[in-house]
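Positions are given from 1, in the same order as the sequence printed here.
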Amino acid sequence: MTCGAVAQNLANVVILGTGGTIAGAGAAATNTSAYRSAVVPVDAIIDAVPDIKKLANVRGEQVFQIGSESFNDERLLTLGRRVADLVKRDDVDGVVITHGTDTIEETAYFLNLVIRSTKPVVIVGSMRPGTALSADGSLNLYSAVLVAATREAGGKGVLVVLNDEIHSGRDVSKTNTFKLETFKSPYGPLGYVVEGQAQFYRLPARAHTVNSEFDIARLTTLPKVGIAYAYGNVDRAAVDAIVAGGAKALVYAGTGNGSVSEFMVPALQDARGKGLQVLRASRTGSGVVVRNGEQPDDKYGWIVAGDQNPQKARILMALALTRSNDPAAIQQIFWKY
């Protein structure tokens with residue numbers, strides 16, 4: 001069998017570069033946390049891992065060259081449109097996105113909700129730049145391409161692959177500032193990459209991609225949603241600033257079970273009275289915010305995030321507002337996704 005024949009039997013995977021640590025470089029091999037991110041172009045990242053060309057026919061495309069902390073709604077929409085265009089093509093079997101780790105979870109959840117395709121879309125990053133000792137980016141990219149080229153990865157929603165683990169874009173979050181095993185899902189990964197094979201052990205239960213009511217093709221902008229963070233001695237300044245800034249909704253990252261201190265209830269009531277949707281989430285990082293638990297949500301017309309953290313709740317709230325401004329309908333969207 002010729003090399004050309006082998007290549008024709010491989011999946012076609014497009015690798016979209018957006019920057020981040022996986023595109024970073026440090027001054028010394030021992031710089032694992034102090035480095036410049038988003039300086040290496042995606043084609044150079046691909047060329048540094050020649051073995052991925054044994055897995056798939058790959059080509060790179062630079063969409064952004066930024067640290068992921070600089071992602072905003074406009075860039076989310078731009079990336080989403082490009083992914084949607086690619087997965088419609090017959091000559092594209094999967095898409096890999098190289099991304100900074102800071103906001104992978106937000107981008108993954110957004111794409112999981114708006115990309116109407118069963119083709120694998122995999123987001124990958126690294127915790128160390130490619131110049132560091134024990135850099136993780138090369139193996140992570142290899143694993144991501146392997147997953148994107150695997151037929152079994154289709155139909156499982158947008159996936160996040162790092163540290164030999166395959167996570168659902170809905171569930172995964174960054175939990176540590178520097179450890180390689182920073183990405184965790186409260187219900188565990190969907191599977192693992194083991195010795196060159198993608199092995200899946202569970203399926204996502206919530207609606208996504210082709211079963212989602214949201215479609216990137218119908219989105220031109222996203223409604224502004226702010227997040228206010230609770231803490232001891234919190235005052236209403238952040239809430240009032242979000243209202244004054246023209247937001248359409250406010251996510252309150254409460255303590256514990258989305259708790260709201262007695263002196264913050266009036267501020268949230270005022271925000272609701274001015275037309276903003278008010279959603280209670282938790283700053284704890286895991287667990288479920290119970291409706292009508294810590295606060296009488298029915299009485300106030302508030303919404304609860306369920307098991308979503310504040311930053312992911314912001315994504316879903318923005319999308320929900322493109323469908324309805326009725327708090328009861330938005331609450332149902334949070335139960336569904």
Side-chain angles (χ1 to χ4, degrees), residues 13-56 58-76 78-79 82-83 95-108 110-111 122-148 159-167 169 172-184 189 192-193 196 285 309 311:
V13 175
V14 179
I15 302 176
L16 300 179
T18 70
T21 298
I22 197 169
T30 53
N31 291 141
T32 59
S33 296
Y35 54 85
R36 293 183 302 149
S37 69
V39 294
V40 181
V42 67
D43 286 339
I45 297 171
I46 293 170
D47 289 342
V49 195
D51 282 351
I52 64 175
K53 296 175 183 178
K54 300 175 184 177
L55 301 173
V58 298
R59 67 176 177 87
E61 181 179 318
Q62 198 77 51
V63 182
F64 307 117
Q65 188 66 297
I66 59 173
S68 69
E69 68 276 7
S70 294
F71 257 88
N72 56 17
D73 289 349
E74 181 181 355
R75 285 168 168 160
L76 276 180
T78 297
L79 178 61
R82 187 59 187 140
V83 173
V95 174
V96 169
I97 302 164
T98 63
H99 197 291
T101 58
D102 283 2
T103 59
I104 273 184
E105 62 199 83
E106 294 170 66
T107 297
F110 176 74
L111 296 178
V122 180
I123 307 184
V124 63
S126 70
M127 291 301 293
R128 296 174 179 170
T131 51
L133 291 171
S134 301
D136 55 324
S138 293
L139 184 57
N140 285 347
L141 181 60
Y142 181 92
S143 297
V145 172
L146 185 152
V147 172
L159 304 172
V160 175
V161 174
L162 291 99
N163 202 39
D164 302 325
E165 296 182 336
I166 308 169
H167 290 269
V172 72
S173 288
K174 185 175 182 177
T175 64
N176 188 278
T177 61
F178 72 97
K179 289 187 176 180
L180 299 186
E181 64 272 22
T182 178
F183 282 92
K184 304 290 185 182
Y192 301 99
V193 177
N309 63 34
Q311 57 269 33

Trainee: Is it true that a side-chain atom of E181 and a backbone atom of N163 form a donor plus acceptor pair closer than 3.5 Å?
Mentor: no

Trainee: Do any N or O atoms from the side chain of N140 and from the backbone of G125 form a donor-acceptor pair under 3.5 angstrom?
Mentor: yes

Trainee: Give me the atom names and distance for the closest heavy-atom approach of Q62 to G19.
Mentor: NE2-N, 4.3 Å

Trainee: State, yes or no, whether a side-chain contact exists between E106 and S68 at a heavy-atom distance under 4.5 Å.
Mentor: no

Trainee: Looking at side-chain heavy atoms only, is the closest gap between I15 and T98 below 4.5 Å?
Mentor: yes

Trainee: Could you pull out all residues at least two apart from R82 that satisfy salt bridge (Lys or Arg N to Asp or Glu O under 4.0 Å)?
Mentor: E61

Trainee: Donor-acceptor pairs under 3.5 Å, side chain of residues 43-53 to any protein atom, not counting sequence neighbours: which ones?
Mentor:
{"unit_1": "D47", "atom_1": "OD1", "unit_2": "K53", "atom_2": "NZ", "d": "3.4"}
{"unit_1": "D51", "atom_1": "OD1", "unit_2": "K54", "atom_2": "NZ", "d": "3.3"}

Trainee: Could you name each residue pair satisfying side-chain hydrogen bond (donor to acceptor under 3.5 Å, both in side chains) that touches residues 13-31, not counting sequence neighbours?
Mentor: T21-Y35

Trainee: With distance as the sole test, does E165 use its side chain to make a donor-acceptor pair with the main-chain N or O of V160 at under 3.5 Å?
Mentor: no

Trainee: Applying side-chain contact (heavy atoms from CB on, under 4.5 Å) between V147 and each of I166, L55, V13, report the one that passes.
Mentor: I166

Trainee: Checking side chain to side chain contact (heavy atoms under 4.5 Å, CB included) for the pair I97/L111: CA distance, chi angles, key distance, verdict?
Mentor: CA-CA 11 Å; I97 302 164; L111 296 178; 3.6 Å; yes

Trainee: Side chain to side chain contact (heavy atoms under 4.5 Å, CB included), that's the test. Do H167 and L162 meet it? Break it down for me.
Mentor: CA-CA 8 Å; H167 290 269; L162 291 99; over 6 Å; no

Trainee: Kindly give the heavy-atom pair with the smallest separation between S70 and R75, and that separation in Å.
Mentor: O-NH1, 2.8 Å

Trainee: To the nearest 0.5 Å, what is the distance between CG on L180 and CZ on R128?
Mentor: 4.5 Å

Trainee: Quick one: closest heavy-atom pair of A144 and V161, and the distance?
Mentor: N-CG1, 4.0 Å

Trainee: Using 30° and 60° as the class boundaries, would you call the ring planes of H99 and F71 parallel, tilted or perpendicular?
Mentor: parallel

Trainee: Using atom types as modelled and distance alone, determine if a side-chain donor or acceptor of S126 lies under 3.5 Å from a backbone N or O of I22.
Mentor: yes

Trainee: I'd like to know if the side chain of T131 reaches the main chain of G26, judged simply by a donor and an acceptor atom lying under 3.5 Å from each other, with no hydrogens or angles considered.
Mentor: yes

Trainee: Are any of the side-chain heavy atoms of D164 and L139 separated by less than 4.5 Å?
Mentor: yes

Trainee: Is there a donor-acceptor contact under 3.5 Å from the side chain of D136 to the main chain of M127?
Mentor: yes

Trainee: Indicate the atoms forming the closest heavy-atom contact of A38 with Q65, along with that distance.
Mentor: O-CG, 3.1 Å

Trainee: Which heavy-atom pair separates P129 from A25 by the least distance, and what is that distance?
Mentor: CB-N, 3.8 Å

Trainee: Any side-chain to backbone donor/acceptor pair from T175 onto T182? Under 3.5 Å, distance only.
Mentor: yes

Trainee: With side chains defined as the heavy atoms from C-beta onward, is the minimum distance between F183 and T101 less than 4.5 Å?
Mentor: yes

